[in-house]
Amino acid sequence: MLYKKNHPLIALLTFLLFFTVIILNTAGIFDLAIKNAVPFTPLPLLTAFCIFSDIKKSALAGFLTGACVDSVASGSYCFNTIILLITATLVCLTANNLFNKNIRAAVVLSILTAVFYFLFYWIFFHAFGMTVQQSLQYLLANSLPSALYTSFFIFPFYIIFRYFNKLKAK
C-alpha cells in the first residue's frame with residue numbers, strides 16, 4: 001500500500017466543497033429542479049468522497065453532512081444524519097472491497113445511494129401519511145426522478161476527488 005500524505009490544503013478544499021454544496025442545496029439560491037425532480041446534491045458529493053476515503057473519514061463525513069443538512073431542515077428528526085452515516089459507511093466498504101475506484105463504479109454507487117436515500121425518504125415521510133394512490137404517485141413522480149437526477153452529479157465530484165486522491169499519492 002502506498003503511503004498517502006495528509007495535505008492540509010486538500011482537507012480545507014474538501015471542507016469548503018462540502019460547505020458550499022450544503023449551503024447551495026439548502027438555501028435555495030439556485031433552483032436545479034426539473035419538473036418534480038429535485039436533486040439532493042450532498043449525496044453524490046458524499047459518495048465521491050467515500051469512494052476515495054477510509055471508513056473512519058467516510059463515517060465522520062456522512063455524520064457531519066447529515067447533521068448539517070438536518071440543522072437547516074424542518075421536521076427531519078435526524079433522518080439525514082442517520083441515512084447519510086449509513087450510506088457513507090456502505091459506500092466506503094463497497095468501494096474498498098467490491099468495486100474498483102473508476103467512474104463506472106462511481107455511477108453505480110451513486111445510483112444505488114440515491115435510490116436508497118429517496119426510497120427511505122419516501123417510506124419515512126410520505127408512504128404512511130397519504131392514501132396508497134397518492135403515496136405511489138409521489139414515489140413514481142417525485143422520488144425516483146429525483147434519485148436519477150441526483151445521481152448525475154457524481155461526474156464532477158468524482159473528477160474532483162480523483163484529482164485530490166492523485167495529489168495525496170504524490
Side-chain angles (χ1 to χ4, degrees), residues 17-18 20-53 58-59 61-162:
L17 186 62
F18 270 96
T20 304
V21 168
I22 290 170
I23 292 296
L24 291 177
N25 187 66
T26 57
I29 296 170
F30 296 110
D31 186 21
L32 297 174
I34 299 175
K35 286 199 170 197
N36 295 335
V38 180
F40 183 61
T41 52
L43 188 60
L45 175 67
L46 183 65
T47 302
F49 175 79
C50 293
I51 288 172
F52 295 106
S53 188
S58 297
F63 179 78
L64 292 176
T65 302
C68 289
V69 171
D70 278 336
S71 69
V72 294
S74 62
S76 67
Y77 308 110
C78 296
F79 170 78
N80 290 308
T81 304
I82 295 167
I83 291 295
L84 292 181
L85 173 65
I86 293 169
T87 301
T89 306
L90 290 176
V91 165
C92 182
L93 288 173
T94 305
N96 290 332
N97 297 322
L98 295 177
F99 287 144
N100 293 330
K101 296 179 181 186
N102 57 21
I103 190 69
R104 289 181 298 231
V107 170
V108 169
L109 284 172
S110 179
I111 291 170
L112 289 175
T113 58
V115 168
F116 177 77
Y117 176 84
F118 282 102
L119 183 65
F120 274 95
Y121 187 84
W122 171 74
I123 289 171
F124 280 98
F125 295 109
H126 297 286
F128 300 111
M130 305 176 186
T131 64
V132 174
Q133 182 180 5
Q134 290 173 334
S135 178
L136 288 176
Q137 183 178 1
Y138 183 85
L139 176 67
L140 297 176
N142 291 29
S143 293
L144 291 180
S146 294
L148 291 176
Y149 185 32
T150 298
S151 64
F152 284 119
F153 287 94
I154 191 68
F155 293 106
F157 298 139
Y158 174 82
I159 291 169
I160 290 169
F161 285 113
R162 185 182 66 185

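Numbering starts at 1 and runs along the sequence shown.
- The side-chain contact (heavy atoms from CB on, under 4.5 Å) search around Asn96 returns Cys92, Lys101, not counting sequence neighbours.
- In terms of modelled atom types and a separation under 3.5 Å, the side chain of Trp122 and the main chain of Ser135 share a donor-acceptor contact.
- Across all non-hydrogen atoms, the minimal contact from Pro39 to Ala37 is CD-O, 4.0 Å.
- When Leu45, Val72, Val69, Leu17 are each tested for a side chain to side chain contact (heavy atoms under 4.5 Å, CB included) with Ile22, only one passes: Val69.
- To the nearest 0.5 Å, atoms CG (Leu93) and CG (Leu90) are separated by 6.5 Å.
- The two residues Phe52 and Ala48 come nearest to each other via the heavy atoms CD1-O, 3.5 Å.
- Under a 3.5 Å cut-off, the side chain of Thr81 and the backbone N or O of Ala67 do form a donor-acceptor pair.
- Partners of Phe157 under the ring pair (Phe, Tyr, Trp, His ring centres under 6.0 Å) rule, at least two apart in sequence or in another chain, do not exist in this structure.
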Leu24 and Thr20: side chain to side chain contact (heavy atoms under 4.5 Å, CB included), yes or no, with the steps?
CA-CA 6 Å; Leu24 291 177; Thr20 304; 3.9 Å; yes
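- Phe124 pairs by the ring pair (Phe, Tyr, Trp, His ring centres under 6.0 Å) definition with Phe79, not counting sequence neighbours.
- The CG atom of Asn80 lies 13.5 Å from the CZ atom of Phe120; values are rounded to the nearest 0.5 Å.
- A pairwise comparison of heavy atoms in Val38 and Ala33 identifies CG2-CB, 3.9 Å as the closest pair.
- For the atom pair CZ (Phe99) and OG1 (Thr94), the distance works out to 7.0 Å, reported to the nearest 0.5 Å.
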Please report the C-alpha distance between Phe49 and Thr65 in whole Å, then the side-chain angles of each, then the deciding distance to 0.1 Å, and finally whether the side chain to side chain contact (heavy atoms under 4.5 Å, CB included) criterion is met.
CA-CA 12 Å; Phe49 175 79; Thr65 302; over 6 Å; no
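- Residue Leu148 holds its CG atom at 10.0 Å from OG of Ser110, rounded to the nearest 0.5 Å.
- To the nearest 0.5 angstrom, Thr150 atom OG1 is 9.0 Å from Tyr117 atom OH.
- What you find for Leu32 and Phe153 is that their closest heavy atoms are CD1-CZ, 4.0 Å.
- For the residue pair Tyr138/Asn36, the side-chain donor-acceptor check at 3.5 Å is not satisfied.
- The only option from Thr47, Leu98, Thr87 that meets the side chain to side chain contact (heavy atoms under 4.5 Å, CB included) definition with Leu109 turns out to be Thr47.
- The closest side-chain heavy-atom distance from Phe116 to Ile83 is below 4.5 Å.
- Between atom CD1 of residue Ile111 and atom OG of residue Ser151 there is a gap of 4.5 Å, rounded to the nearest 0.5 Å.
- Judged by distance alone, with hydrogens and angles left aside, the side-chain atoms of Ser58 form no donor-acceptor pair with the main-chain N or O of Thr89 at under 3.5 Å.
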Test side chain to side chain contact (heavy atoms under 4.5 Å, CB included) on Asn25 and Phe40 and set out the steps.
CA-CA 7 Å; Asn25 187 66; Phe40 183 61; 3.5 Å; yes
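- Two residues are said to be in side-chain contact when any heavy atoms from C-beta on lie closer than 4.5 Å; Leu46 and Phe18 meet this criterion.
- By the 30° and 60° cut-offs, the orientation of the rings of Phe118 relative to Tyr121 is perpendicular.
- At least one side-chain heavy atom of Phe128 sits under 4.5 Å from a side-chain heavy atom of Ile123.
- Of all the heavy atoms in Leu139 and Pro145, the pair that sits closest is O-CD, 4.4 Å.
- Smallest separation of non-hydrogen atoms from Cys50 and Val91: CB-CG1, 3.6 Å.
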